[in-house]
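Worksheet: one structure, shown below.
In what follows, every heavy atom counts, from backbone to side chain, and hydrogens, waters and symmetry copies are set aside. All chains are named by letter (A, B, ...) in the order of the sequence lines, taking the proteins before the strands, and each is independently numbered beginning at 1.
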Number of protein chains: 2
Amino acid sequence: MNAVTPTPRRGRPPKAQAQLTRSAIREAALTVIDRDGIAAVSMRSVSRLLGVDAKSLYHHVADKDDLLDAVAEHLLGELTAPELTGELRADLTALAHEFRRVTLAHPEAASLVLTRQLSTLAGLAPIDAALSVLTHAGADPEQAVRLLRVLVAALVGMLLREVSAGPTFGSSDPTDIAVRQTALEGSGLPEVVACAPFLARFDQDGEFASGVDLVVDFVVSHLAVTHA
Amino acid sequence: MNAVTPTPRRGRPPKAQAQLTRSAIREAALTVIDRDGIAAVSMRSVSRLLGVDAKSLYHHVADKDDLLDAVAEHLLGELTAPELTGELRADLTALAHEFRRVTLAHPEAASLVLTRQLSTLAGLAPIDAALSVLTHAGADPEQAVRLLRVLVAALVGMLLREVSAGPTFGSSDPTDIAVRQTALEGSGLPEVVACAPFLARFDQDGEFASGVDLVVDFVVSHLAVTHA
DNA sequence: ACCTGAACACCGTTCAAGT
DNA sequence: ACCTGAACACCGTTCAAGT
């Protein structure tokens, strides 16, 4: 037996299989996501990566859903609120771009971060930072929450599009743009035809930046009116 | 044999099994979604409802993804652009609420409508309507597309939250509000604590309506500045 | 306390064969 | 043209048993 089963000392490569932990499982799941996409995540694929039986995972995560929540939560925790300057526009913009950075750091995991409703309080820190910016600019709590919600909705919507769009929605590749523009022009819908060149084109970085500018403008103007 | 297997004439109830069609499959899928949720959709569960073998579906849909696309596309097609009055604010608001109506008509299917990137041109009609409103208010094509994109992102973000939040995010039920408010107050984050009463509360209809008001305000002010 | 063998009730999809 | 039996390579999860 000793001859057949390898001794612990010279077992499989550095599988880090020393001890199965919740965080090791979470990291393995993220590795699978990055490598093969969110659809490839299964209790079996994750456990395979850890050199362990799938059922062992259940000692550390309640079920697959819990595992995905853990991943989402951890990624959101990577968001470090930039230090605030006190300048409304600059601070909101910085927060928005930091949110995007975190989301796009693992594009295949983005849908988790953007759509999971996290039940724990993790990732409440960025909310706090955003509220702080808004109230320091003169918003009362009720207004701050309302503005925050529209802001977050817009960011989530933009990032979700960016991440799930792939080349479908509009592209930065000239050939794709041409193809799509032709399709749009053949739709027979007058406004779509008129706007086709702009609908077909989608520059991810630029769209996000200008979208954030618009949304931040909006917040600024709302606070300026009420407060000045 | 004839004695055991029922004759075609008196087979199962009116399964509408007469002819398997793409649209019948699509409708069955929607029935499963409405009844048991999006996660319950499988080629097998859908085919079961139709009294047919799962593999038969492949003669009418390419694969499961194609089936879900068909459902999303069809639901989006239910959106009938309200007749436009020419008044920017009223028309945008009406479009937004019609989009919400369609989305929430089948809440369990909402994520399909909101996140699927439809490759066909179905559901381009509402885009056309929105662009029409914007250009009639004086936007040039480029600006119209940019405003449209922010607008859609905000709507998608808000609806996604509304649909996937359930009671997690904030509630209209007083007990839930109290529980959540207490949790938020225990977070130790100063702004979150200060805003807790408003963060804990979430009135779906009201939030959407006021969110739309804000976003529409934003579009109006942007067009007013440029155009007047 | 942690891991797994056996097991259950599922999946999506292909392909050759039937009508 | 349309449907299905047999089959393949998967799923998530439970539970009793092992260390």
What is the distance, rounded to the nearest whole Å, between atom [atom1] of [X] and atom [atom2] of [N]?
{"X": "B:Met43", "N": "D:dT4", "atom1": "CE", "atom2": "C1'", "answer": "14 Å"}
{"X": "B:Ile25", "N": "D:dC3", "atom1": "CD1", "atom2": "P", "answer": "8 Å"}
{"X": "A:Leu20", "N": "C:dT4", "atom1": "CG", "atom2": "P", "answer": "9 Å"}
{"X": "A:Asp63", "N": "D:dG12", "atom1": "CG", "atom2": "C1'", "answer": "9 Å"}
{"X": "B:Arg48", "N": "D:dT4", "atom1": "CZ", "atom2": "C1'", "answer": "16 Å"}
{"X": "B:Lys64", "N": "C:dT14", "atom1": "NZ", "atom2": "P", "answer": "15 Å"}
{"X": "A:Asp53", "N": "D:dT19", "atom1": "CG", "atom2": "C1'", "answer": "15 Å"}
{"X": "B:Asp65", "N": "C:dC11", "atom1": "CG", "atom2": "C1'", "answer": "15 Å"}

message = Say we look at D:dA17 and C:dC2: how far apart would their C1' atoms be, to the nearest angstrom?
response = 13 Å

inquiry  = One thing to verify: whether A:Asp176 and A:Arg201 come together as a salt bridge, which I'm taking to mean a side-chain N less than 4.0 angstrom from a carboxylate O.
reply    =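 No, this pair does not count.
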
ask   = Could B:Arg26 and B:Asp69 be called an ion pair, given the rule that one side-chain N must be under 4.0 Å from one carboxylate O?
value = no

Choosing from [options], which nucleotide comes nearest the side chain of [X]?
{"X": "A:His59", "options": "D:dG12, C:dC2, D:dG5", "answer": "C:dC2"}
{"X": "A:Ser45", "options": "C:dC3, D:dT4, D:dC11", "answer": "D:dC11"}
{"X": "B:Arg44", "options": "D:dT14, D:dC3, D:dA7", "answer": "D:dA7"}

Value rounded to 0.5 Å, distance of CZ in B:Arg22 from CG in B:Asp66 = 4.5 Å

message = Under 4.0 Å, heavy atoms only, any strand: does B:Ser42 hit a base, just the sugar-phosphate, or nothing?
response = sugar-phosphate

Stepwise side chain to side chain contact (heavy atoms under 4.5 Å, CB included) check, A:Val163 with A:Glu108 = CA-CA 8 Å; A:Val163 135; A:Glu108 286 288 345; over 6 Å; no

Pair up each side-chain donor or acceptor in residues 190-197 of chain A with any protein partner under 3.5 Å, not counting sequence neighbours, and list the distances.
| unit_1 | atom_1 | unit_2 | atom_2 | d |
| --- | --- | --- | --- | --- |
| A:Glu191 | OE1 | B:Thr135 | OG1 | 3.1 |

ask   = Given the rule that a pair is Watson-Crick or G-U wobble with both distances under 3.5 Å, how would you write DNA chain D in dot-bracket, using | for pairs to a different strand?
value = ||.|||||...|||||.||

inquiry  = Measuring to OP1 and OP2 of D:dC2, would you say a side-chain N or O of B:Ser56 lies under 4.0 angstrom away?
reply    =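 Answer no for this pair, as no side-chain N or O of B:Ser56 is under 4.0 Å from OP1 or OP2.
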
request  = Tell me, with the steps shown, if A:Asp53 and A:Arg44 meet salt bridge (Lys or Arg N to Asp or Glu O under 4.0 Å).
outcome  = CA-CA 7 Å; A:Asp53 189 280; A:Arg44 284 157 150 106; over 6 Å; no

key: Partner set under salt bridge (charged side-chain N to carboxylate O under 4.0 Å, His left out) for B:Arg100, not counting sequence neighbours   = B:Glu162, B:Asp205

